[in-house]
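The structure appears right after this line, and notes come after that.
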Amino acid sequence: NAGVTQTPKFQVLKTGQSMTLQCAQDMNHEYMSWYRQDPGMGLRLIHYSVGAGITDQGEVPNGYNVSRSTTEDFPLRLLSAAPSQTSVYFCASSGLAGTGELFFGEGSRLTVL
Amino acid sequence: GNSVTQMEGPVTLSEEAFLTINCTYTATGYPSLFWYVQYPGEGLQLLLKATKADDKGSNKGFEATYRKETTSFHLEKGSVQVSDSAVYFCALGNRDDKIIFGKGTRLHILP
């Protein structure tokens with residue numbers, strides 16, 4: 001009954017460090033996406049994928065990379081972290097891109113000092 | 001491009017009061033519309049959705065009607081409970097495969 005699993009739940013980085021937020025889903029969903037949640041800004045789409053080998057940019061893609069080598073996994077990479085990337089990150093998946101219900105992970109809280 | 005605008009919060013109501021949270025959208029074509037709810041410390045979960053004009057989504061006493069003429073999808077509940085305290089997000093999905101969220105409305109229900 002796992003659904004969407006994100007790791008780690010909490011992370012503190014120094015400016016310039018790199019890291020990867022992991023996301024895995026066990027529902028065989030083709031569509032996966034990453035959002036960041038900031039106070040007063042709601043959720044903003046970073047990157048999304050409609051299937052293995054296919055990724056595309058969302059509203060705020062700068063500073064983030066993604067890849068989709070399998071249906072199950074959709075990692076989000078920060079190559080050189082900046083304080084502006086301090087946020088709560090949510091991974092979500094759906095069985096139907098664009099019009100289907102999104103299933104969310106529990107979130108990853110990232111602080112960049 | 002697509003966008004969603006929802007009323008600013010926080011909204012504070014007494015238990016059993018009537019709730020309305022306004023949501024309007026801008027989109028090309030015929031988007032699907034959603035309301036998601038986020039309880040403290042959790043991810044978002046779908047509350048209700050509507051996929052075409054005049055559809056009414058409903059769940060747990062909440063309702064919203066897809067109004068294409070006013071480009072709106074307002075969330076309503078006739079009698080709120082303390083357990084409804086949460087953050088509510090209006091969202092839009094379209095053929096471009098991007099699901100876009102509003103900024104969220106925090107709801108506090110007082111006993």
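First the proteins, then the strands, lettered A, B, ... as listed; each starts at 1.
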Quick one: donor-acceptor pairs between chain A and chain B, under 3.5 Å, side chains and backbone, table format.
unit_1	atom_1	unit_2	atom_2	d
A/Y31	OH	B/D97	O	2.5
A/Y35	OH	B/I99	O	2.6
A/Q37	OE1	B/Q38	NE2	3.2
A/Q37	NE2	B/Q38	OE1	2.9
A/Y48	OH	B/D96	O	3.3
A/L102	N	B/Y36	OH	2.8

Next on the checklist: For a side-chain contact (heavy atoms from CB on, under 4.5 Å) check, start with the C-alpha distance between B/F18 and B/V80, then their side-chain angles and the critical distance, and finish with the verdict.
Outcome noted: CA-CA 7 Å; B/F18 184 87; B/V80 292; over 6 Å; no
Checklist entry - In terms of heavy-atom proximity below 4.5 Å to chain B, should A/L45 be classed as side chain, backbone, both, or neither? => result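 For A/L45, the side chain is the part near chain B, not the backbone.
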Item to check | side-chain contact (heavy atoms from CB on, under 4.5 Å), paired with B/F73, selected from B/V4, B/I21, B/L48 | outcome: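 Option passing the side-chain contact (heavy atoms from CB on, under 4.5 Å) with B/F73: B/L48.
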I need the [X] [atom1] to [Y] [atom2] distance, nearest 0.5 Å.
{"X": "B/L19", "Y": "B/L107", "atom1": "CG", "atom2": "CG", "result": "5.5 Å"}
{"X": "A/T86", "Y": "A/L110", "atom1": "OG1", "atom2": "CG", "result": "6.0 Å"}
{"X": "A/I54", "Y": "A/S67", "atom1": "CD1", "atom2": "OG", "result": "13.5 Å"}

Checklist entry - Could you walk me through whether B/I99 and B/L92 pass the side-chain contact (heavy atoms from CB on, under 4.5 Å) check? => result CA-CA 6 Å; B/I99 300 179; B/L92 174 156; over 6 Å; no
Next on the checklist: Main chain of A/G63, side chain of A/Q85: is a donor-acceptor contact present, judged purely on distance under 3.5 Å?
Outcome noted: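 Yes.
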Next on the checklist: Counting heavy-atom pairs under 4.5 Å with chain B, which one of A/G105, A/G42, A/A92 comes out on top?
Outcome noted: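 Heavy-atom pair counts peak at A/G42.
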